[in-house]
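Just so we're on the same page: letters track the sequence lines, and every chain starts at 1.
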Amino acid sequence: MDLRRDAPRVAPRAGLLALWLGGCGVADEVPRPTARAAVTQRETSQPPIPWSDAWLEDQATLYLDDPQFRREALLDSLTAKHNIYAATRVSAYGRGDRGWDALPEWNPRSRTVVGTLSGDLAAELSDEQPLWDGTRPERFAEWVALGREVFYRYPLRAEVYAEHALRDPSVAARVGLEPTAAGSWPGAVIFEDIDGLAKVGITCALCHVAVADGQPQEGQARRDLDYGAMRLTYHAATGVPLPEDLAQRMANWGPGRADITQDDDEDPVAIVDLWGVRDRRYLTQAATLTHEHPAALAIRQETQLLHANRERVRPPRELAWALAMFVYSLEPPARQSVVEAPRGAEVFDRDCRSCHEDPTGAGRPRPAKTIGTHGSLAMGAARGTGLYRPSPLIRVGDAAPYFHDGTVATLEDVFDARRLESSYAGPRGTGAVPGHRYGLTLEPGDRDALLAYLRTL
Amino acid sequence: MHRSHPSLWSRSRIACITVALLVPACASHDDAETTAAQPPVGPETANKPAPKPDPKPDPKPDPAAAKVDITVASVQLNENCPDPKPEPSAAPAAPAKAQSEPARAMAKSEEAAGDVAFDEERGADSYRAHCVQSTLQLAIGSQASSAVSMKITEIRLHEEGGTAVLSKIEARLPTQWSDATYVPWDETIPPNGELKASYKLADPDWNAVSKATGKPAWGPTYIVELDVLVDGVKRTVRSTPVPREMPEQIQT
């Protein structure tokens, strides 16, 4: 989407949304308070502030009960209509009498793997009830609670690679799978699949719950997870053949990243933290989705779960909405102490704010060629938009490695011109990491101040 | 989103207004009938046998096929995987070679061939390749008063926007959604009901497809078109455009 050309299209929709909210009059943009400033206004006579918990409660019925709204929300959310991600959804989602709406709803029986896997998975599920009791939540906290269950327990798919790793603790440790102190494996579930068979599967939590000192960190990227190594280990141990070029690709992913797109391009991305999603205007590194209404995220997650399950079932929409609300609720770990860096804040405002402009540190997408980092994700057939979204910066100091593909080892290296040289030794091997030249010419004092400031975010 | 108030012109509101407008008209019509002139009362007739009622003609049977709707919910063009093996016979199997403990546990837990299963032909610690089955999902609704049979007679693959048949595809092992699971189905549509069906699909002739389109099979989008016999009456239904799925893809 060319933001300059399409700005007149975006603004009226946002203004009409404000009218619909009934309390803001005609506005050029719907105000977006930060998640931390979200106010619940159930007890007042004023309409809820957009993106507040109360407002999100009110918006649920639009997504859940209005097929035409869902269709329009999908179309509005797609930054580019030409990529595979968009085209697949435009052709199959919200079509009413055909397409994905006609699939059966799946409310699975599943439970998180605890301890070691036995040889009788079906027996481990015998007393398990379906994930959702069918009651539609009303309050935001209820949606979040249900969403947490979806996040941990709704299977994306059966996963033999994870099962193989979980059956051998030494393999699990090598590929970055670590249990909590209570012995549970976040993101790994035993479930009854849609053909009635007990399987081991994976969920959102596999990538988006880090385990540190036995404690789960919800929403934090599991940067030790080496999914490529997990798959290669399985193939090596079982003798199941794997094409050589695919094996080489998986070997190149490394910890904390994987190729998750529906094309043949080599475009692995780093697993991301889920802080501040409520305040982000664009979703995914290539800004595949505009996020002007929570339905954009709910639809993304609804179709994500549906597609991961091979389009044979779809999740109840209540579960997709709940998952979105849970993601919105995620907060980064509290800081041990508050550190100020006023000089670095000035440098940031002067040199970085023009792109990293929103409350999360993200911003409007920019042409990928202008950013100059590896372009295969932005230009790829699967989710390509020609754009990259400036990265959110919440807890950026803890988010190494950097860039969308995890090719820069440290925050210091982001602002060090030596990474442009062929001798640069990064987390993916030796070689230049071009792009994002912003900040490479800072004076040392300004550079150090900026780094100190970024570590306070 | 540029939406008016959702309840103002909802379908139910329009329907209520329409009925409200029509009811007075119907009532006035009824009133007109009741006030019309009555036929004169003639002399009494006694002992006249009651006329035999006119025999009602047999009503024509409802065309059941016309009361059945079939749509394609989804198609995934992946791979054609081996079907589950039948239950083992009573004869003792040849002793298996020694397996590692994790491999034995996985073989025991795995019941479905086509995903991963211990391959006896290849020996210990050997598993069939991870395989993702191509499938077709249908949504079927019936307002017929009796059960209706259906059968897919032909499946054709077209490139989106094209008319040429690129390849034909075989469907097998119909199942229907029941209590959170797909279970075997005899392709009978119950009366006044709906069901969600799923079929396994064999591979198209991808070489022929590539030759016909002049492109690799991955890349274009396709339309899957089915001929279906419903109570003996043929109809054709089409999918939305679908790609050929890349193997070994993990998509989130």
Side-chain angles (χ1 to χ4, degrees), chain A residues 12-13 16-17 20 62 66 69 72-73 76 84 87-88 91-92 95 97-100 102-104 106-109 117-121 130 156 158 160 163-164 167-168 192 194-198 207 227 237-241 246 258-264 293 304 307-308 310-312 381, chain B residues 1-6 69 71-76 78 100-112 115-116 119 122 125-130 132-133 135 137-139 160 175 177 180-183 196 198 216 218-219 221 237 239-243 245-252:
Chain A
R13 283 207 178 108
L16 287 167
L17 174 60
W20 156 234
L62 282 175
D66 191 336
F69 176 84
E72 291 182 4
D76 284 343
I84 296 174
T88 304
S91 70
R95 302 302 299 271
D97 60 345
R98 57 182 180 148
W100 291 343
L103 289 170
W106 184 41
N107 182 16
R109 295 195 306 134
L117 288 172
S118 73
D120 190 350
L121 298 177
L156 287 168
V160 294
E163 180 180 357
H164 177 261
R167 290 191 182 282
D168 185 339
E192 183 180 65
I194 59 178
D195 296 306
L197 303 171
C207 293
Y227 185 72
T238 62
V240 174
L246 191 56
D259 188 341
I260 56 162
T261 56
Q262 189 182 353
D263 58 21
D264 202 29
H293 190 276
Q304 180 180 17
H307 198 259
R310 310 301 178 183
E311 300 180 29
R312 297 182 69 204
Chain B
M1 312 299 159
H2 51 292
R3 295 197 51 76
S4 57
H5 196 290
D69 294 321
T71 58
V72 178
S74 69
V75 177
Q76 272 231 336
N78 280 292
S100 64
E101 194 58 42
R104 271 199 292 277
M106 281 196 69
K108 190 177 178 184
S109 73
E110 189 51 64
E111 298 176 63
D115 197 349
V116 169
D119 190 329
R122 294 174 58 193
D125 293 325
S126 292
Y127 292 80
R128 291 192 188 87
H130 184 59
V132 181
Q133 177 66 50
T135 60
Q137 278 61 239
L138 301 178
E160 183 186 5
T175 56
W177 187 249
T181 307
Y182 279 109
V183 299
K196 313 286 186 183
S198 179
W218 287 288
T221 48
V237 292
S239 73
T240 56
V242 297
E245 299 287 332
M246 298 290 295
E248 302 290 347
Q249 288 290 326
I250 49 168
Q251 297 170 36
T252 64

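Smallest separation of non-hydrogen atoms from B:Val72 and A:Arg98: O-CB, 4.0 Å. Closest approach of A:Ala102 and B:Lys196 over heavy atoms only: O-NZ, 2.9 Å.
The closest side-chain heavy-atom distance from B:Glu245 to A:His307 is below 4.5 Å. Between B:Gln137 and A:Arg310 there is no side-chain heavy-atom pair separated by less than 4.5 Å. By the 4.5 Å heavy-atom criterion applied to side chains, A:Ile194 and B:Trp177 are counted as neighbours.
Note that OG1 of B:Thr135 and CD of A:Glu311 are 8.0 Å apart. Values are rounded to the nearest 0.5 Å. Distance CG/A:Asp195 to OG/B:Ser198: 7.5 Å, rounded to 0.5 Å.
Not counting sequence neighbours, the partners of A:Ser91 by the side-chain contact (heavy atoms from CB on, under 4.5 Å) test are B:Thr240, B:Pro241. Annotation: side-chain contact (heavy atoms from CB on, under 4.5 Å) contacts of A:Glu192 (sequence neighbours excluded): A:Arg109, A:Leu125, B:Thr181.
Checked by atom type and distance alone, the side chain of B:Tyr182 never pairs as donor or acceptor with a backbone atom of A:Gly196 at under 3.5 Å.
For chain A, no part of B:Val237 is nearby; none of its heavy atoms comes within less than 4.5 Å.
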